[in-house]
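Heavy atoms only: backbone and side chains are in, while hydrogens, waters and symmetry mates are out. Computed from a prediction, not measured in an experiment: that's the story for all the values here. Whatever order the structure lists ligands and atoms in, that order sets their numbers, starting from 1.
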Amino acid sequence: MLASHTALLLLASLASGALGASYTQSDSHTGDGFLKSFAHEAISDPTHGRVNYVDQATALAKNLTFSSGDHFVIRADHTTKLSASGPGRNSVRLQSNKKYTTHVTVWNIRHMPVGCGTWPAVWEVGSNWPNGGEIDILEGVNDVSPNQATLHTNSGCSMPASRSQTGSSTGNNCDVAATNNAGCGVKAPSSNSYGSAFNSAGGGWYAMERTNSFIKIWFWSRNSGSVPSDVKNGATTINTSNWGTPFAYFPSQSCSISDHFDEHNLIINLTLCGDWAGQSSVFNGAGCSGDCVSYVNNNPSAFTNAYFDIQWLKIYQ
Ligand SMILES: *[C@@H]1O[C@H](CO)[C@@H](O)[C@H](O)[C@H]1NC(C)=O
Ligand SMILES: *[C@@H]1O[C@H](CO)[C@@H](O)[C@H](O)[C@H]1NC(C)=O
Ligand SMILES: *[C@@H]1O[C@H](CO)[C@@H](O)[C@H](O)[C@H]1NC(C)=O
């Protein structure tokens, strides 16, 4: 009786990963490998951005998607002046062909999009939003640092006010209906987590771990002395127990992770203006002048640096 009870407890702790969070690489993407593992989605932006997402053939032909060696570059058009009555600026939205439940992703990113009006994001989303949940890993607008990581869910998911993370929470209710879509965000502690400071440091690594007990998000700048060696080397096996305190920690406490998050696609997108970046208080508040849509229409060269350059993405399960 006692022995079988102990065995059950041991099984339960093994299942929750409590004995050491070790994972094996299931996917590794670099250079033109992204073209096979991600689809270009030529859809209209649900957040009403001044963009025109193009398909893969168009993106390659217009060099909005480019790969060479371990460079995978996706960008917004930076040469075309737009007609106010025509479509938005050409840009790229990629979605992974595979879906993942519990997993770890490590993104090695050299450069992220910058420029007034830009709203780039590296994120994950489930089915039937917000019911399958959304995890934003790298996101911001108008070059305002630092990065903010956010969960978006349906009702019944909130985070404890005090928790083990190095970032600062912007709100603890993850329910989009209760927060006007804001969700529960956490700002990273370092300014080089986003925008031009991220780029001038040579970028860095973003990592996300999702288990049924928690979601954690880490960031290490390129020359940080604390980058774990398995992250830095893109090792085939990793142990997240050695990665230190994440900047964002979302425990399954007043939010059952397994109930609020289903299988997720990984997404990288770059929209311009729209519901967040384009609000005049936000756009002007970031030091950008005029109105966002006219700025995007009339200033193609302002988007010269509106690109991601990704070295690799590794997924562990
Ligand atoms: C992972 O690291 C932790 C902390 O150092 C250690 O206790 C655990 O044994 C490691 N797990 C594996 C599978 O190596
Ligand atoms: C682009 O990313 C933002 C930020 O996560 C998201 O809210 C928006 O829906 C995305 N747009 C598209 C078309 O994917
Ligand atoms: C395409 O884009 C890449 C990456 O930004 C750049 O290095 C290359 O020169 C561009 N090619 C052309 C033909 O413009």
Nearest neighbour in protein (non-hydrogen) for atom 10 (C) of ligand 3:
Asn63 ND2, 2.4 Å
Establish, yes or no, whether the cationic atom of Lys314 lies under 6.0 Å from the six-membered ring centre of Trp312 and within 45° of the ring axis.
yes
We want to know whether Ser221 and Asn192 form a side-chain donor-acceptor pair, criterion being a heavy-atom distance below 3.5 angstrom.
yes
Side-chain donor-acceptor contact under 3.5 Å, Thr65 with His40:
yes
Shortest reach to atom 7 (O) of ligand 3 by a heavy atom, considering only Tyr307, Phe66, Phe72:
Phe66
Would you call Asp27-Lys98 a salt bridge at under 4.0 Å N-O?
yes
Should the SG of Cys157 and the SG of Cys184 be checked, would they turn out to be under 2.5 Å apart?
no
N/O of Asn242 under 3.5 Å from N/O of ligand 1, yes or no?
yes
Give the residue, atom name and distance (to 0.1 Å) of the protein heavy atom nearest atom 5 (O) of ligand 3.
Val73 CG1, 4.0 Å
In terms of atom number and element, which parts of ligand 1 are under 4.0 angstrom from non-hydrogen atoms of Ser22?
13 (C)
Between the side chains of Gln25 and Thr236, does any donor sit under 3.5 Å from an acceptor?
no
Mark up the atoms of ligand 1 that fall under 4.0 Å of a heavy atom belonging to Asn239, in ascending order.
1 (C), 2 (O), 3 (C), 8 (C), 10 (C), 11 (N), 12 (C), 14 (O)
Could you tell me whether atom 14 (O) of ligand 3 has a protein heavy atom closer than 4.0 Å?
yes
